[in-house]
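Reading through the structure tokens given below for one structure.
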Amino acid sequence: MPSEVEGRLYREWEESGAFACGTAAAGAASAVGGGGNAQPYSIVIPPPNVTGSLHMGHALNNTLQDIMIRLARMRGRDVLWQPGMDHAGIATQMVVERMLEAEGKSRQELGREKFIERVWEWKDESGGTITGQLRRLGASCDWPRERFTMDEGLSKAVHKVFVELYKQDLIYKDKRLVNWDPKLKTAISDLEVQQTEVAGHLWHINYPLEGDSGRFITVATTRPETMLGDTAIAVHPGDERYRHLVGTYAILPLVGRRLIIVADDYADPKQGSGAVKITPAHDFNDFEVGRRHDLEMINVLDEEARINENAPAAYQGLDRFEARKKILEELDAQGLIAQIDDHTHMVPCGDRGGVPIEPWLTEQWYADAETLAKPAIEAVRSGRTKFVPEMWAKTYFEWMENIQPWCISRQLWWGHQIPAYYGPDGEIFVEMTYGEVQAAAKAHYGREVALVQDEDVLDTWFSSALWPLTTLGWPEKTPELERYYPTSLLVTGFDIIFFWVARMMMFGLHFHDDVPFDTVYIHALVRDAKGQKMSKSKGNIIDPLELIEKYGADALRFTLASQAAQGRDVKLSEQRIEGNRNFATKLWNAARFCEMNGCAMQPGFDPGAVTGPVNQWLVGQLKAAQDRINAGLDGYRFNEAANDVYHFVWGTFCDWFVEFSKPALQGDDGPIKSEAQATAAWALDAILRLLHPFMPFVTEELWSRTGQGEARDHMLVRAAWPDYGDEVVNEDAREEIEWVIRMITEIRSIRAEMNVPPSAKIPLLLAGASPDTLARLERQRDLIATLARISEMGEQLGELPSGSVQTVVDEATLVLPLADVIDLDQERGRLSKAVAKLDDQIAGMAKKLANKGFTDKAPAEVVAVQRERMAEAEQTRDKLRDALSRF
RNA sequence: GGGCGGUUAGCUCAGCUGGUAGAGCGCCUCGUUUACACCGAGGAGGUCGGCGGUUCGAAACCGUCACCGCCCA
């Protein structure tokens, strides 16, 4: 479908208010007794970064959300899909800084205020990119409700949350080691640190023992430069080699500081020499050792990870890696390097800046995650919020139960500035308004004093943690909050369970006393066709917009949905998208066929009242497909639902029903023809509905084109989801048509194997057929004749003609007199092969049935089915053997 | 080191609560017919990673090993 059509349809949807919450589907309204009482169904979008553009992960994520949203809308629910964007502190600031850099400027030159203005300009400029792209994908968000994490209302909510948590002692300031990104010059949380494997070295360094310069204690390190901050050496308390040294001192080379040798469990006797240097200000483990032994903490790095004034002058100002080099040279010159091993180890790197982070001693703001996590853990344990697939709950628990204090301050400019003010002596004042801050300060000091606001901003995730609340208007008691919270579903990737899902759970429960969502559906990663993670450096990024351009949004959506099996990554190949584009084309052509044959929707058409077996069969098949699609979507098994609709449309409707109906449709006017037309139109209509959540564009376009005569009074997006009950199913028709399909398939197979030219019509005779079968044959002879290219057909009485090909369908033997075309040897081979195969099967089944354990213990119906199958197989085998014996 | 996934047709993967395997693509053969060659018909192709166990019965459940991947240290 050309993209202009998609664009036009999207505009029509949007302009008609089809995506607005607060109204139930027009078509479904009657079914639920009026839109006003419709049950709410809500999803908040994972807010994309303002500077972002649509990547494959977004495409998958939003396709799945849109499928559920459109489904709910058609089911008559009052649907809200809440859109919006995230200010994405670090990421956005980096983008703008890079732009400044290109202009030869820096943010420091610009100053904070001007810089933020600049970021807002950039936000206004690029912020609409991704929402435009989401529209291209077909995402049916309630756009007028779009929010941004730095909107006034949302910022006020963030402020309120900070103040309340502060007053509840759940936010506090602390001086401890943080993950410091020396490139971005900010603290980051544990989650933003990525462990990267690096092939490095393990240097064994001799530290002279005090008072005995000829003797050494050897320590091993991967980071020699940190030795400048060493304040102790630790050995294991049980380590006999060093017991006598505990409490004595070593001398730090290059610096000359006395290092006490302490006994601590942290030292692993099996690791290296068993003695480990302790740098409390630059290593998380050493920090703990330092606390236990009351060691001095010497910070030797500045904010850009250069050696600072606490180190010997020779090293000051050197970058950490230059310092390492120089230190090693110097140690080597002094003969203090005992050994160098190649050593592969993990180096912590900032996920944004990409450079190794430094554990650095600074004062930062922390949230007491442990306290906040408790109710959030309980809510998942008790099932108030369910994870799908369930496995992810384990991941959630694992992290939540070992949660660390959450560092929420960032040394950035773009974000929510921390609403804490400092008095002249550093006293902290945190209040809702500046007036209250001033009042509190005055009360504290007894006079007006100058106050300074904290320079730092909050972690981006602090505000997105409030997303389900704030987008609905919290802290105001809005009708939306009342109606749509808790939301029905959250759809997101596993990579942000910790960053986002967990924190929304904490804040939702803490501030609104309820979980933010009923169900959390976690989808997989989209990889390339080879299963590789897509990344810029690998150059294997597939751009969803290019694919949409090339194959249409429907094809991309359908492909993503059909590949979204739970618990497995999506491997996206263009070939598959092409195949699904073909599927859309197939549907288009089928609709065209219906149109050409005058298939128009009949007002008041009752699918349960059709009389033709083909029509009855189709109705039943559609109802079965509807049930499977419902089951798939209700269980979030998108792949199953997609495959079910695919097979119904292509396999059942196009391949069989359309072919079956051709004689009627192309025949004379009359009740048979008009029922075929009405049934086809009805089925196509139901197909458009069932397929709409997956392929909204092509279905909407066809819907508008198939309204013949009678104008559609609403668009498909607002139509009712099919909901047929068992009363439309006709079992007799199903059996009869399935038999016809078996007959045709069998004859076609024989024809192909016997190389009967497709143009040749051949006669068909049935031997040993029951009266029921003969009656069926009579009723369905036209279908069989047309689709299997049969000239004449009838019952075979008496002796079977020689030189005929025989095969078996149920109890009947099909006799195809093909004396002139068959190759006797070939036919003999075919029959023997078939007989041998059946013999094998029969032997297996006989063995099973002879097993007393099976007949006694297996459920009766399983045994019965087995007996039946065996009898059928035997019957078929005997008939084929009989045919073989005639050669 | 701890945890979690995966291993099924040439490729990519389905197979939900155990009853002897499916799809798409690819491949081979054929192609009459005004919906569609982005198509139709037919076909080939699998000891369901190895071993052991539970069971009347295991691709599915349990154990174990091998290999691959992810997360956390």
Side-chain angles (χ1 to χ4, degrees), chain A residues 190-191 193-195 284-285 346 348 389 391-392 394-395 397-399 402 494-495 497-498 524-525 527-533 551 555 559 562-597 599 628 631-632 635-637 639-640 642-644 646-647 650-651 654-655 658-659 661-662 665-666 680 744-761 786-789 840-841 844-845 847-859 861-863 865-866 869:
Chain A
D190 297 342
L191 284 174
V193 176
Q194 306 257 292
Q195 301 293 332
F284 289 101
N285 289 310
M346 293 306 224
M391 151 188 96
W392 291 109
K394 281 189 206 169
T395 309
F397 290 137
E398 176 93 5
W399 188 68
N402 298 294
F494 59 83
D495 48 334
I497 292 178
F498 305 147
L525 216 66
R527 298 169 177 276
D528 73 5
K530 290 186 210 125
Q532 301 236 7
K533 216 169 175 168
Y551 300 104
T559 305
S562 68
Q563 294 293 98
Q566 287 183 10
R568 205 177 295 225
D569 287 341
V570 174
K571 283 182 199 156
L572 196 67
S573 78
E574 200 164 324
Q575 224 174 20
R576 232 172 238 274
I577 300 172
E578 195 183 336
N580 288 321
R581 187 269 322 264
N582 296 351
F583 175 53
T585 308
K586 182 81 181 173
L587 175 70
W588 185 269
N589 284 316
R592 209 157 58 95
F593 170 84
C594 289
E595 195 192 351
M596 286 165 64
N597 286 282
C599 303
R628 282 194 302 272
Y636 305 101
R637 293 186 299 270
N639 58 318
E640 290 184 15
N643 288 331
D644 287 332
Y646 183 96
H647 284 114
W650 202 312
C654 294
D655 288 346
V658 166
E659 296 306 323
S661 302
K662 276 179 181 171
L665 292 171
Q666 288 157 8
I744 293 168
T745 307
E746 195 60 36
I747 296 167
R748 281 173 173 172
S749 174
I750 294 287
R751 292 179 61 118
E753 271 182 78
M754 292 294 119
N755 298 314
V756 179
S759 54
K761 290 195 173 188
T786 311
L787 296 187
R789 310 284 304 155
D840 258 16
Q841 285 175 7
M845 290 188 274
K847 195 176 156 199
K848 198 166 186 178
L849 285 164
N851 182 349
K852 217 168 161 344
F854 176 67
T855 47
D856 288 354
K857 293 189 184 174
E861 67 267 23
V862 172
V863 178
V865 164
Q866 198 66 214
R869 264 193 220 156

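Excluded from the calculations below are hydrogen atoms, water molecules and symmetry mates; all remaining heavy atoms, backbone and side chain alike, are included. Computed from a prediction, not measured in an experiment: that's the story for all the values here. Just so it is clear: chains get the letters A, B, ... in the order the sequence lines come, proteins before strands, and each one is counted from 1.
Residue A/G635 is out of contact with every strand shown, counting any heavy-atom pair closer than 4.0 Å. A/R751 comes within 4.0 angstrom of no nucleic acid atom, judged by non-hydrogen atoms across all strands. The residue A/W392 sits apart from the nucleic acid: no heavy atom pair falls under 4.0 Å. Counting non-hydrogen atoms under 4.0 angstrom, A/N643 reaches nothing in the nucleic acid. Within 4.0 Å of A/V658, counting heavy atoms only, lies at least one base atom of the nucleic acid.
With both ends at atom C1', the span from B/G31 to B/C11 equals 27 Å, rounded to whole Å. Straight-line distance between the C1' atoms of B/U7 and B/C51: roughly 15 Å, to the nearest whole Å. Here, B/G63 and B/G6 have their P atoms 14 Å apart, quoted to the whole Å. Taking atom P on both nucleotides, B/C65 is separated from B/G1 by 13 Å, rounded to a whole Å. Spacing of C1' atoms, B/A21 relative to B/U34, comes out at 41 Å, to the nearest Å. Look at the P atom in both B/U47 and B/A59: the space between them is 13 Å, to the nearest Å. Only the P atoms considered, B/A60 is 16 Å distant from B/U55, to the nearest whole Å. For the C1' atoms, the distance linking B/U54 with B/U64 amounts to 15 Å, nearest Å.
When the P atom of B/A73 is taken as reference, atom CG of A/D190 falls 7 Å away, rounded to whole Å. One atom, CH2 of A/W650, and another, P of B/G22, lie 21 Å apart when rounded to the nearest Å. In this structure, A/Q563 atom CD and B/A14 atom C1' are separated by 10 Å, rounded to whole Å. Counting to the nearest Å, the P atom of B/G43 and the CD atom of A/E746 are 9 Å from each other. In this structure, A/F284 places its CZ atom 13 Å from C1' of B/A73, rounding to the nearest Å. Look at CZ on A/F593: it is 14 Å from P on B/G40, rounded to the nearest Å. Distance CD (A/E574) to P (B/G26): 14 Å, rounded to an integer number of Å. Between A/Q575 atom CD and B/G24 atom C1' there is a gap of 9 Å when expressed in whole angstrom units.
Listed pair A/K571 / B/C13 meets the phosphate criterion, a side-chain N or O lying under 4.0 Å from OP1 or OP2. Side-chain N/O atoms of A/N582 include one lying less than 4.0 angstrom from OP1 or OP2 on B/C39. A close approach under 4.0 Å does occur between a side-chain nitrogen or oxygen of A/K662 and OP1 or OP2 of B/A35.
Side-chain atoms of A/R869 never come within 3.5 Å of backbone atoms of A/M845 as a donor-acceptor pair (strictly under, hydrogens ignored). Side chain of A/R637 to backbone of A/A565: no donor-acceptor contact under 3.5 angstrom is found.
For A/F854, the side-chain atoms get nearest to B/C56 when compared with the rest of B/G40, B/G15, B/C56. Closest contact between the side chain of A/M391 and the listed nucleotides B/G24, B/C16, B/G5 involves B/G5.
Taking CZ of A/F593 as the reference point, atom NZ of A/K662 lies at 5.5 Å (rounded to 0.5 Å). To the nearest 0.5 Å, atom OG of residue A/S562 and atom CD1 of residue A/I577 are 9.5 Å apart.
For A/K394 against B/C4, a side-chain-to-base donor-acceptor contact under 3.5 Å is absent. Checked by distance alone, A/R581 brings a side-chain donor or acceptor within 3.5 Å of a matching partner on the base of B/C38.
Using cut-offs of 30° and 60° for the angle between ring planes, the A/W399 and A/F498 rings count as parallel.
Here the closest heavy-atom approach between residue A/K586 and residue A/C654 is recorded as CE-CB, 3.6 Å.
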